[in-house]
Amino acid sequence: MSEVTINQVRAYTVRGGGADYHDQAEGHWIDAQIATPMSKYPEYRMTRRSFGLNVLGTLVVEVEASDGSVGFAVTTGGEIGAWIVEKHLARFIEGKRVTEIEKIWDQMFNATLYYGRKGVVINTISCVDLALWDLLGKVREEPVHQLLGGPVRDELTFYATGARPDLAKQMGFIGGKMPLAHGPAEGEEGLKRNLAHLAEMRRAVGEDFWLMYDCWMSLDLNYATRLAQGAQEFGLKWIEEALPPDDYWGYAQLKRDVPKGMLVNTGEHEATRWGFRLLMEMECCDVIQPDVGWCGGLTELIKISALADAHNKLVVPHGSSVYSYHFVITRHNSPFAEFLMMAPKADEVVPMFNPLLLDEPVPENGRMSASALDKPGFGVRLNPECGLSRPYQH
Ligand SMILES: C[C@H](O)[C@H](O)CC(=O)C(=O)O
Ligand SMILES: [Mg+2]
């Protein structure tokens, strides 16, 4: 097995949902009015597509081994990611043994340091890394969670992210995270509306169901603190990504200033052990939320998670579908998982990376048994009906 080598890496792009879950058709809840760092510009306030949230599209990376096995993974990264894989990263992948995942990661990261570190380069490295784990699982005929040490519990439990926490409760989820609609540029009136919406949802779901606000980097410290204070009477469980990801100082202050018991979560746009080290050493949050497809992949997440464990922080990955499920089931400090509601009206459970993957497991009644993940690799296949294109070749 250790002699199985990687013959070829190929990078593709695809549009319309998939790993770039923001790339949805008009009218989807995820593209309704949601507070963003661009909301201060009225012309970019009403939808996120207006400022180009969906420009990247999905990147698909395939790695083919000498025994004929093919591993693959998907992330947000589109054509830029495909170029990076084909024109730069391929040299570190092809010819290596399928077991050399750590070495490949280190070479990809160090070779791109001068233009990488965060953002689309790390998304791309993550995608290659996940494809390598998928390949190793397939060569060994084992699920990735077994390669990671095996499940620590029998099932995953999920909270749902979407516009309808009330429906999420009926569907059996343990909580509902809503997008915040109004940002600081909409003043006191917007703040009142944000709180009124939370109050309405609290009435709809009752006392015990978790409710959270996802602020998607849109607030400033003063607004975030006032939102958190106002939200306390409606039992907001956590305030998420309230500030721009580089404002570590703001997060540290926010964590000190939110009402006792309310959690500060962040990290979905953070990357690598060094980025998360800052969040932890500066006491920026209670829960970190790395996206497995954006933070450096599984190889990096293992390190981030160990660091978090030593800092008594929970790790609840952002989105990431099967890449998150296989990890969360193996970690004591990841007690539950996120499920992004991809139905346009958030009124039914559809696979998170729909329609790109076949056999993508979904929670039933807010749960997923470990056995749903018992297939080689990440246990998913590419849907042949999604038209992949290969814009570059090396
Ligand atoms: C709903 C949020 O604005 C975003 O689209 C997803 C996200 O940040 C999350 O799931 O967390
Ligand atoms: Mg979020």
Side-chain angles (χ1 to χ4, degrees), residues 17-25 28-39 44-56 58 75-76 123 158-165 167-168 173-183 194 197-198 201 210-219 224 227 236-245 251 254 263-271 279 284-295 314-321 323-325 328 334 336-346 349-354 363:
D20 188 354
Y21 60 87
H22 285 127
D23 191 19
Q24 301 291 342
H28 197 286
W29 70 265
I30 211 156
D31 202 36
Q33 184 178 1
I34 290 176
T36 80
M38 291 295 281
S39 300
Y44 296 121
R45 186 175 294 162
M46 300 313 289
T47 72
R48 294 195 282 187
R49 285 156 62 98
S50 66
F51 72 80
L53 182 66
N54 60 334
V55 293
L56 285 172
T58 292
T75 190
T76 316
N123 291 12
F158 289 86
Y159 76 88
T161 295
R164 297 296 304 269
L167 301 183
F173 289 95
I174 56 173
K177 186 174 82 187
M178 307 172 281
L180 188 80
H182 308 285
N194 286 332
H197 185 61
L198 174 63
M201 277 302 163
W210 298 357
L211 281 178
M212 297 75 91
Y213 251 147
D214 188 320
C215 311
W216 212 73
M217 310 172 276
S218 63
L219 309 181
L227 176 69
L236 190 75
K237 185 167 179 71
W238 74 64
I239 180 167
E240 175 170 322
E241 241 201 343
L243 306 173
Y251 275 107
L254 181 64
L263 303 172
V264 174
N265 290 14
T266 195
E268 75 181 68
H269 295 101
E270 189 55 82
L279 284 179
C284 293
C285 57
D286 300 285
V287 179
I288 60 162
Q289 302 172 298
D291 185 298
V292 194
W294 305 343
C295 71
L314 297 183
V315 181
V316 180
H318 168 255
S320 345
S321 181
Y323 308 117
S324 164
Y325 310 156
V328 169
S334 297
F336 56 89
E338 173 178 17
F339 189 76
L340 259 155
M341 300 296 284
M342 292 324 298
K345 299 203 178 315
V349 169
V350 297
M352 217 189 286
F353 288 170
N354 187 55

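Atoms within a ligand are numbered from 1 in the order they appear, just like the ligands themselves.
- Remark: minimum distance from atom 7 (C) of ligand 1 to any protein heavy atom is reached at D214 OD2, 3.1 Å.
- Looking only at side-chain heavy atoms (C-beta outward), E268 and D214 come within less than 4.5 Å of each other.
- Set against the non-hydrogen atoms of L340, the atoms of ligand 1 under 4.0 Å away are 10 (O).
- By the 4.0 Å heavy-atom criterion, Q289 is excluded from the residues contacting ligand 1.
- Take the N/O/S atoms of D214: the one nearest the Mg ion (ligand 2) is OD2.
- Counting heavy atoms of neighbouring residues, nucleotides and ligands inside a 6.0 Å radius, atom CZ of F51 exceeds 12 of them.
- Note on ring orientation: taking the six-membered ring where Trp is involved, the planes of F339 and F173 are parallel (angle under 30°, cut-offs 30° and 60°).
- For the pair R48/W216, a side-chain contact is recorded, criterion being any heavy-atom separation below 4.5 Å from C-beta on.
- Neither the backbone nor the side chain of E241 has a heavy atom within less than 4.0 Å of ligand 1.
- Within ligand 1, the atoms closer than 4.0 Å to a non-hydrogen atom of I30 are 5 (O), numbered from 1 in the order shown.
- Here the side chain of Y213 pairs a donor or acceptor atom with the backbone of N194 at under 3.5 angstrom.
- Within the 4.0 Å heavy-atom criterion, neither part of M352 lies near ligand 1.
- Among the heteroatoms counted here (N, O or S) of E268, OE1 is the one nearest to the Mg ion (ligand 2).
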**OP:** I would like to know whether E338 and F158 meet side-chain contact (heavy atoms from CB on, under 4.5 Å); could you show each step before the answer?
**Re:** CA-CA 5 Å; E338 173 178 17; F158 289 86; over 6 Å; no
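- For K177, every heavy-atom contact with ligand 1 shorter than 4.0 Å involves the side chain, none the backbone.
- Between the Mg ion (ligand 2) and the N, O or S atoms of E240, the shortest distance is to OE2.
- Ring pair H269/W294 is parallel by interplanar angle, where below 30° counts as parallel and above 60° as perpendicular.
- At a threshold of 2.8 Å, the Mg ion (ligand 2) has no backbone or side-chain N, O or S atom of E241 nearer than that distance.
- Under 3.5 Å, the side chains of K177 and Y159 contain a donor-acceptor pair of N or O atoms.
- Listed by number with element, the atoms of ligand 1 under 4.0 Å from a non-hydrogen atom of H22 are 4 (C), 5 (O).
- Among Y213, W216, W29, the residue whose heavy atom lies nearest to atom 1 (C) of ligand 1 is W29.
- Less than 4.0 angstrom separates some heavy atom of H318 from each of these atoms of ligand 1: 6 (C), 7 (C), 8 (O), 9 (C), 10 (O), 11 (O).
- Protein heavy atom closest to atom 3 (O) of ligand 1, with residue, atom name and distance, is R48 NH1, 2.9 Å.
- The protein non-hydrogen atom at the shortest distance from atom 10 (O) of ligand 1 is E338 OE2, 2.5 Å.
- With hydrogens and angles ignored, the 3.5 Å screen pairs no side-chain donor or acceptor of T76 with any backbone N or O of T58.
- Side chain to side chain, Y251 and T266 meet the donor-acceptor criterion of an N or O pair below 3.5 Å.
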